[in-house]
Amino acid sequence: MRKLAIAALVGIAVALAAVGSGWYAMQRYLEQPMLLDGDVEFSIVPGSTLQDVLAQLKTAGISDDVHWLRLQARRQGVARQIKAGDYTLVPGTTPQQLLDLIVAGRVDLEQLTLIEGWTAAQAIEAVLEHDAIRNDLQTGIARRADGQPWLTDEMHKVLAAQLQIGTGHVEGWLYPDTYKFAKGETASTILRKAHIALQRELDQAFSLRPEDHPIGSEIELLTLASIIEKETSRADERGRIAGVFARRLSQGMRLQTDPTIIYGIGIDYDGDIRRRDIQALTDYNTYRIDGLPPTPIALPGRAALRAAAQPDDGEELFFVATGEPDGSHYFSKTNAEHEAAVQRYLKRLRGSP
């Protein structure tokens, strides 16, 4: 009987030693950096099981002892929590860090930048042309006479409904910024994020208006900001240009800004503004209409929104390009000063190649 007890104890000791040895081997494996020859990229497709992923890692030569990884995943209760996506393993990554990575779903992120001053058509075209974005939009893009992308009124309506933009017009309602997303994201999801970001920035800017501001609604502020965005990219001029437009609106003067004419020409714009375009009575020709056009004309950024809400004080009512490479403008208080500035600009233009 005593011999049986001793044998049992020895068996238990051997078993415990084996378990301890196995535990030590697993921990050593999990904490030892994998032998990676530089960054290694791999993808987990939707629906993949842990076994699929382990087989893929073994085939790619990323990890040979995958059974330890399987045991650890089961021990941690995460075997069914593998996330699909594109991943990058860098030298020094351990198997445990690999497991944490694919369970947390820390996938490689793509990115796309929407530029301040773009039209909605340019922004949407950039989204649709991105290789990592799936197109789920219900309409396409037209082409303007000068080759630029364009959205017809019907396209605006369809897209506004899909993106939940209540105005029925997409122009101006997408925030220019850099957006990060996982490969396979839908176009509508990214554009919806851009719209939500724009609404947030617009709300903040609108709250900054002084009491005597001529703008009375958010859509008006957004429209004014879009015009400012198209008139200048210079940080030191946005406030001054906003001041000119605010004073003109307050005094009942027409805005007389060329970017609105171009937008009003629409799909027929071929790169030139002609006398007939300046004389044409359209909803966007601010040489012929009072106040603001009915919609924004581009995507304004934060600086343009803030400038529109808080324009610079002053007496200037006019501005015209200097013709300098820096994109600067002459600002004038009187029409006579402005006409002289226009002549200087035309003289410089005639002397240019």
Side-chain angles (χ1 to χ4, degrees), residues 114-129 137 139-160 165 167-174 176 191 198 219-233 237-238 241-242 244-245 248-249 253-301 304 308 318-323 327 329 338 342 345-346 349-350 352:
L114 305 184
I115 306 297
E116 296 171 348
W118 269 3
T119 62
Q122 288 174 301
I124 292 170
E125 183 177 64
V127 170
L128 297 183
E129 289 182 345
L137 301 181
T139 186
I141 301 288
R143 194 62 58 180
R144 213 164 58 177
D146 65 348
Q148 290 296 314
W150 187 253
L151 295 175
T152 64
D153 289 342
E154 184 59 33
M155 291 174 180
H156 273 288
K157 292 177 182 177
V158 172
L159 288 167
I165 299 175
T167 61
H169 205 273
V170 181
E171 196 61 73
W173 288 100
L174 305 173
L191 292 172
L198 185 282
I219 180 62
E220 289 180 345
L221 184 68
L222 182 61
T223 300
L224 179 58
S226 72
I227 297 173
I228 294 167
E229 192 70 78
K230 293 300 289 185
E231 283 286 6
T232 186
S233 59
E237 289 192 349
R238 289 193 186 97
I241 288 178
V244 169
F245 287 146
R248 279 179 165 260
L249 290 171
M253 296 178 65
R254 290 174 177 170
L255 296 185
Q256 297 181 319
T257 171
D258 291 351
T260 62
I261 294 181
I262 293 172
Y263 196 85
I265 295 172
I267 202 166
D268 295 324
Y269 181 67
D270 62 4
D272 290 321
I273 299 177
R274 298 171 175 80
R275 182 176 297 275
R276 67 173 182 268
D277 299 321
I278 298 175
Q279 295 173 343
L281 181 57
T282 72
D283 291 340
Y284 291 87
N285 186 352
T286 52
Y287 284 83
R288 296 292 308 278
I289 64 169
D290 297 327
L292 294 162
T295 73
I297 62 171
L299 312 186
F318 307 89
F319 64 89
V320 67
T322 62
H329 293 81
H338 177 60
V342 170
Y345 168 68
L346 293 175
L349 206 61
R350 286 191 291 268
S352 300

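The chain is numbered in sequence order, starting from 1.
- Q122 places no side-chain N or O within donor-acceptor distance of the main-chain N or O of P149, the cut-off being under 3.5 Å.
- Relative orientation of the F245 and F319 rings is perpendicular, given thresholds of 30° and 60° on the angle between their planes.
- No donor-acceptor pair closer than 3.5 Å links the side chain of E171 to the backbone N or O of P296.
- Between I265 and D272, the closest heavy-atom pair is CD1-O, 4.5 Å.
- Proximity of P176 to L299: side-chain heavy atoms (C-beta onward) are separated by under 4.5 Å at one or more points.
- For the pair R248 and F318, the distance from NZ or CZ to the six-membered ring centre is under 6.0 Å and the angle to the ring normal is within 45 degrees.
- Under a 4.0 Å N-O distance rule, the pair R143/E125 qualifies as a salt bridge.
- Residues H338 and V320 have side chains in contact (heavy-atom distance under 4.5 Å, counting atoms from C-beta outward).
- In this structure, NE2 on H156 lies 10.0 Å from OG1 on T139, to the nearest 0.5 angstrom.
- The shortest side-chain heavy-atom distance between I227 and P293 falls under the 4.5 Å cut-off.
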Criterion side-chain contact (heavy atoms from CB on, under 4.5 Å) on I141 and L128, from CA distance to verdict: CA-CA 10 Å; I141 301 288; L128 297 183; 4.2 Å; yes
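- Scanning both residues, R254 and T286, for their nearest heavy atoms gives CB-O, 3.4 Å.
- Judged by distance alone, with hydrogens and angles left aside, the side-chain atoms of E229 form a donor-acceptor pair with the main-chain N or O of G301 at under 3.5 Å.
- Atom OH of Y263 and atom OH of Y269 lie 14.5 Å apart (nearest 0.5 Å).
- Scanning all heavy atoms of the two residues, the minimum distance from I297 to T119 falls at O-CG2, 4.0 Å.
- Separating the CG atom in L221 from the OG atom in S226 is a distance of 10.0 Å, to the nearest 0.5 Å.
- The two residues L222 and P300 have their closest heavy-atom pair at CD1-CG, 3.5 Å.
- Within 6.0 Å of atom OH in Y287, more than 12 heavy atoms from other residues, nucleotides or ligands are found, so the atom counts as buried in its surroundings.
- Summarising the geometry, atom CZ belonging to R144 is positioned 9.5 Å from atom CD1 belonging to I267; distances are rounded to the nearest 0.5 Å.
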Take T282 and R288 through the test side-chain contact (heavy atoms from CB on, under 4.5 Å) and record every step on the way to the result. CA-CA 8 Å; T282 72; R288 296 292 308 278; over 6 Å; no
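- Note that the CD atom of Q256 and the CD1 atom of I261 stand 9.0 Å from one another [nearest 0.5 Å].
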Apply the test side-chain contact (heavy atoms from CB on, under 4.5 Å) to residues L191 and L137: give CA-CA distance (whole Å), side-chain angles for both, the deciding distance (0.1 Å), then the verdict. CA-CA 10 Å; L191 292 172; L137 301 181; 4.0 Å; yes
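- No donor-acceptor pair under 3.5 Å is formed between the side chain of K157 and the backbone N or O of H169.
- At a threshold of 4.5 Å between non-hydrogen side-chain atoms, the residues T295 and T167 do not count as touching.
- Using a 3.5 Å distance cut-off with no hydrogens or angles, the side chains of T257 and E231 do pair a donor with an acceptor.
- Although no hydrogens or angles enter the test, the distance criterion places a donor-acceptor pair under 3.5 Å between the side chain of T260 and the main chain of Y284.
- If you run side chain to side chain contact (heavy atoms under 4.5 Å, CB included) between D258 and each of N285, D277, I273, only I273 comes through.
- Y345 approaches G323 most closely through the heavy-atom pair CD1-N, 3.8 Å.
- When every heavy atom of I289 is checked against every heavy atom of D283, the shortest pair comes out as CD1-O, 3.0 Å.
- Atom-to-atom distance recorded for I241:CD1 and T232:OG1 is 4.5 Å, nearest 0.5 angstrom.
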